[in-house]
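These notes concern the structure reproduced below.
Hydrogens, waters and symmetry mates are skipped; everything else that's a heavy atom, side chains included, is used. Just so it is clear, the model here is predicted, and its values are computed rather than measured.
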Protein chains: 2
Amino acid sequence: MTVAAGQQCCAPIAREPLSESAAADLAALLKAVADPVRLRLLSLIASHPGGEVCVCDLTGAFDLTAPTISHHLKVLRTAGLIGGERRGTWVYYWVVPAQVARLGELFIPLAQPAGA
Amino acid sequence: MTVAAGQQCCAPIAREPLSESAAADLAALLKAVADPVRLRLLSLIASHPGGEVCVCDLTGAFDLTAPTISHHLKVLRTAGLIGGERRGTWVYYWVVPAQVARLGELFIPLAQPAGA
DNA sequence: CCCCTGCTTCGGCATATGTCTAAAGCATAG
DNA sequence: CTATGCTTTAGACATATGCCGAAGCAGGGG
């Protein structure tokens, strides 16, 4: 599209698939996983046979203190990406597939080259 | 799995699909998109017919100053999610589908319920 | 040549984030 | 009821992040 100098350089945005509120909502979800520790936590929980992991197993996989792991788990849980429950002495966590899937679906249309 | 108190509560992690370095690498990529403004920027660029957008069109979509928009574009560009080029007076940006696809593919296995 | 416009870079500030130590719940064992 | 162990909460600190205003760089037109 050729334009004269001093004028608007291109046509207005044709489509805006992500509204301001949707972007804020998804960004909050992404912030929850945008951390190496939380990413590994989510991966560990998701890959565990049975779909559930005890916190005592997670702490051993990191060079971090238990409170730090607990903090990261809370972030993931607040975001709705994982669920947790206390059973007796130990606390178990599992992933919430629907919420994780939202993230995957987000990038499908964005990976398409043009606006097609 | 029933265990005695004071001992290890569960079996060791069966599979660890995300290595420490892979998690750090992907977390850096996720940090780039874990922001409402950058998410909308990426969305605006991706949805623009022709696959390219001039910066002058992007600034109008936000209540932010030009330096701030430029900063966010640089973050996306440094992450390899978008490419940019100056053509005459204006600067144009486009998405890098392969890099965006990495994010989408990441959540596919994580959305599976169990370790299956 | 100078100026005007578009975009980026620089420096500073307010807030958010990740980590720790210390202390407090909670459940089981004796 | 007390003791022990697992987990979370609270408080504090260093660093990272997001924002702006001012200045710098690049290209085009008098």
Within this structure, what is the [atom1]-to-[atom2] distance between [X] and [N], rounded to whole angstrom?
{"X": "A:Arg77", "N": "D:dT7", "atom1": "CZ", "atom2": "C1'", "value": "12 Å"}
{"X": "A:Leu73", "N": "D:dC6", "atom1": "CG", "atom2": "P", "value": "16 Å"}
{"X": "B:Glu85", "N": "D:dG27", "atom1": "CD", "atom2": "P", "value": "12 Å"}
{"X": "A:Arg87", "N": "D:dC6", "atom1": "CZ", "atom2": "P", "value": "18 Å"}
{"X": "B:Asp35", "N": "C:dA16", "atom1": "CG", "atom2": "P", "value": "13 Å"}
{"X": "B:Asp63", "N": "D:dG18", "atom1": "CG", "atom2": "P", "value": "18 Å"}
{"X": "A:Leu58", "N": "D:dT7", "atom1": "CG", "atom2": "P", "value": "9 Å"}
{"X": "A:Leu41", "N": "D:dT7", "atom1": "CG", "atom2": "C1'", "value": "14 Å"}

Classify the nucleic acid contact of B:Arg38 as base, sugar-phosphate or nothing, counting any heavy atom under 4.0 Å across all strands shown. sugar-phosphate

Name the nucleic acid region contacted by B:Leu64, choosing base, sugar-phosphate or nothing; use a 4.0 angstrom heavy-atom cut-off, strictly under.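 If one applies the 4.0 Å heavy-atom cut-off, B:Leu64 turns out to touch the sugar-phosphate alone, with no base involved.
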
Reckon [X] has a side-chain N or O less than 4.0 Å from the OP1 or OP2 of [N]?
{"X": "A:Lys74", "N": "D:dT9", "result": "yes"}
{"X": "B:Ser70", "N": "C:dT8", "result": "yes"}
{"X": "B:His72", "N": "D:dT17", "result": "no"}
{"X": "B:Thr68", "N": "D:dC20", "result": "yes"}

Consider the side chain of [X], meaning its heavy atoms from C-beta on, and name the nucleotide among [options] that approaches it most closely.
{"X": "B:Val37", "options": "D:dT9, C:dC20, D:dC19", "result": "D:dC19"}
{"X": "B:Arg86", "options": "D:dA26, D:dG18, D:dC6", "result": "D:dA26"}
{"X": "A:Val55", "options": "C:dT19, C:dC7, D:dT7", "result": "D:dT7"}
{"X": "A:Thr65", "options": "C:dC20, C:dG18, D:dC20", "result": "C:dC20"}
{"X": "A:Tyr93", "options": "D:dT8, C:dT8, C:dT28", "result": "D:dT8"}

Between A:His71 and A:Lys31, which has a closest nucleotide on DNA chain D that is more 5'?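 Its nearest nucleotide lies further toward 5', so the answer is A:His71.
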
Nearest heavy-atom neighbours spanning B:Leu39 and B:Val33: CD1-O, 3.5 Å

Using every non-hydrogen atom in the two residues, find where B:Pro97 and A:Ala111 come nearest and quote the distance to one decimal.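 Nearest heavy atoms, B:Pro97 then A:Ala111: CB-O, 3.1 Å.
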
Taking atom CG of B:Leu42 and atom CZ of A:Phe107, what is their separation to the nearest 0.5 Å?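 If I round to the nearest 0.5 Å, the distance is 7.5 Å.
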
Pick the nucleotide of DNA chain C nearest each of B:Val91 and A:Val75; which residue has the one closer to the 5' end? B:Val91

For B:Ala66 and for A:Pro67, locate the closest nucleotide of DNA chain C by heavy-atom distance; then report the residue assigned to the nucleotide nearer the 5' terminus.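 The 5'-side residue here is B:Ala66.
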
Quiz item: cation-pi between A:Arg86 and A:Tyr92, 6.0 Å / 45°: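 The answer is no; the distance or angle limit is not met.
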
Could you walk me through whether A:Arg38 and A:Arg40 satisfy the side chain to side chain contact (heavy atoms under 4.5 Å, CB included) test, starting with their C-alpha distance in whole Å, then the side-chain angles of each, then the deciding distance to 0.1 Å, before giving a yes or no? CA-CA 5 Å; A:Arg38 290 197 288 271; A:Arg40 288 182 63 203; over 6 Å; no

With a 4.0 Å cut-off on N to O distance, would you call A:Arg102 and A:Asp25 a salt bridge?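 Salt bridge between A:Arg102 and A:Asp25, a charged N being under 4.0 Å from a carboxylate O: yes.
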
